[in-house]
Amino acid sequence: MAAYRANFGHVNDILPGTHFESRKDVKDAQLHKEREAGISWGRDDEDERAADAIVLSNGYADDVDQWNEITYTGAGGQTRNSSQQTSDQSWDNYGNASLRRSRIKGNCVRVIRGSKGERAYSPGSGYRYDGLYEIVADWSETGRAGFQICRFKLRRLADERQELTSVERQVQDMLDRRGQHLTEDSADDAVSRRRTTTVERIVRDTAVVRRVKRWHNFACQVCGLSLAVGADGRSYAEGAHIHALGGPDGGPDVDSNVLCLCPNCHVQLDRGALYLTDDLRVVNRFARGGAPRSAPLRTVEQHRIEKRFIRAHRRFWGIQEQSLNS
DNA sequence: GGGCCCGCAGGG
DNA sequence: CCCTGCGGGCCC
């Protein structure tokens, strides 16, 4: 059998946010080579071992997951599946050496989160592909259990640096061509601006966003509007991140941080005109008639919203949740 | 190809 | 909690 070749970046047009039932499914999708191990590696173009994907599933007690930044623990030094170090880890371990190699070469790695990981950022069950990260540092230290561990600092690539999948690239090419064409004709600056926003929106329409919109049948969770546009008979809705994406303090692209909204309510949420209370009521700060008005957020069983994202959004807009007359 | 070791599964 | 099973690498 031919040696596995490391492959960096998205694979098979699988969008970040795509959910899998089991490690076997993740492997079969070619996101991660291994059935069980955390680090996926193969030979790179110089025939060295280089890592191309990792799984985070609480296998090592020293892991720290903050979505945008991950402090990952290398492989080895524990009895299988125990989560407990019983000896030192080594840089001779192929997984650890391959992650270091990818750090040196600047290869990005795919990150897959399992349900046992950090609650705020992990899927309720199974596994979820969360896109591309770069490895910014590696070092050794003494772990909680008192043994040497290999450590890696990973940072999520900014949205504009998350490489597009090939389908998205095709759409972008198409839009680029149309944009050029229109610019020649009209020299209208608004055209290229609109083109830019369209591309951004495509990039951000992850599997998470698609799933949330489907759960709500493309109806707005705030006002209930079902915008019937398009020939497919489906309504138009947008995936709105409560705790906005981007930047080192950006929120995660996970179900519990996304709402299905109409464009009006989306922009109001993004500008802080709408906010959510801890008990999932929507408050319009600038409602006509003086006092803020609130109404319950429309919810469905399978769509859990996390308070921490609601709070991050309020904190961002400097909203203290005190004067709540519903 | 066989034997051995390893591992962020998976199920009882 | 323990145990079994399995795929991949690597060494004969």
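These values consider heavy atoms only, across backbone and side chains, with no hydrogens, waters or symmetry-generated copies. Lettering of chains follows the sequences in order, A, B, ..., and the numbering in each one begins at 1.
- The nucleotide whose nearest atom lies closest to any side-chain atom of R49(A) is, among dC10(C), dC8(B), dG8(C), dC10(C).
- Across dC8(B), dG9(C), dA9(B), the shortest atom-to-atom separation from the side chain of K116(A) is found for dA9(B).
- Checking dA9(B), dG7(C), dG9(C) against every side-chain atom of S57(A), the shortest atom distance belongs to dA9(B).
- Checking each of V111(A), I112(A), I39(A), L31(A) against V55(A) for a side chain to side chain contact (heavy atoms under 4.5 Å, CB included) leaves exactly one that passes, namely I112(A).
- The side-chain heavy atoms of V222(A) and Q268(A), taken from C-beta on, include no pair separated by under 4.5 Å.
- In this structure, E36(A) places its CD atom 15 Å from P of dG9(C), rounding to the nearest Å.
- D253(A) and H241(A) are linked by a side-chain donor-acceptor pair at a separation below 3.5 angstrom, with hydrogens and angles left out of the test.
- If you measure from atom CZ of R5(A) to atom P of dG9(C), you get 12 Å, rounded to the nearest angstrom.
- Checking the phosphate oxygens (OP1, OP2) of dC6(C), no side-chain nitrogen or oxygen of K27(A) falls inside 4.0 Å.
- Stem analysis of DNA chain C (Watson-Crick or G-U pairs, both distances under 3.5 Å, runs of at least three) returns B:1-7 with C:6-12, B:9-12 with C:1-4.
- At a cut-off of 3.5 angstrom, counting only N and O atoms as typed in the model, there is no donor on one side facing an acceptor on the other between the side-chain of N81(A) and the base of dC8(B).
- With rounding to the nearest 0.5 Å, the separation of CG in D52(A) from CZ in R5(A) is 12.0 Å.
- One finds a salt bridge joining K153(A) and E69(A) here, because a Lys/Arg side-chain nitrogen approaches an Asp/Glu carboxylate oxygen to under 4.0 Å.
- Atom CH2 of W41(A) and atom C1' of dG7(C) are 13 Å apart (whole Å).
- Closest to the side chain of R35(A), out of dG9(C), dC10(C), dA9(B), is dA9(B).
- T73(A) comes within contact range of at least one nucleobase, with a heavy-atom separation under 4.0 Å.
- In this structure, D25(A) places its CG atom 13 Å from C1' of dG10(B), rounding to the nearest Å.
- Here the nucleotide nearest the side chain of N93(A), chosen from dG7(C), dC10(C), dG7(B), is dG7(B).
- Y94(A) has its ring centre less than 6.0 Å from the ring centre of W41(A).
- Both K24(A) and R43(A) lie close to DNA chain C; mapped to their nearest nucleotides by heavy-atom distance, the more 5′-ward contact belongs to K24(A).
- The distance between atom OH of Y60(A) and atom P of dC6(B), rounded to the nearest whole Å, is 12 Å.
- As judged by a 4.0 angstrom heavy-atom cut-off over every strand, G76(A) is placed among residues touching the sugar-phosphate backbone only.
- Going from atom CD of Q78(A) over to atom P of dA9(B) covers 11 Å, rounded to whole Å.
- Regarding L56(A), its CG atom lies at a distance of 10 Å from the P atom of dA9(B), rounded to whole Å.
- Between the side chains of R151(A) and T73(A), at least one donor-acceptor pair of N or O atoms lies under 3.5 Å.
- Between D130(A) atom CG and dC8(B) atom C1' there is a gap of 15 Å when expressed in whole angstrom units.
- Within 4.0 Å (heavy atoms only), Y127(A) reaches sugar-phosphate atoms of the nucleic acid but no base atom.
- Partner D278(A) forms a salt bridge (charged side-chain N to carboxylate O under 4.0 Å, His left out) with one of R308(A), K307(A), R314(A) and no other, that one being R314(A).
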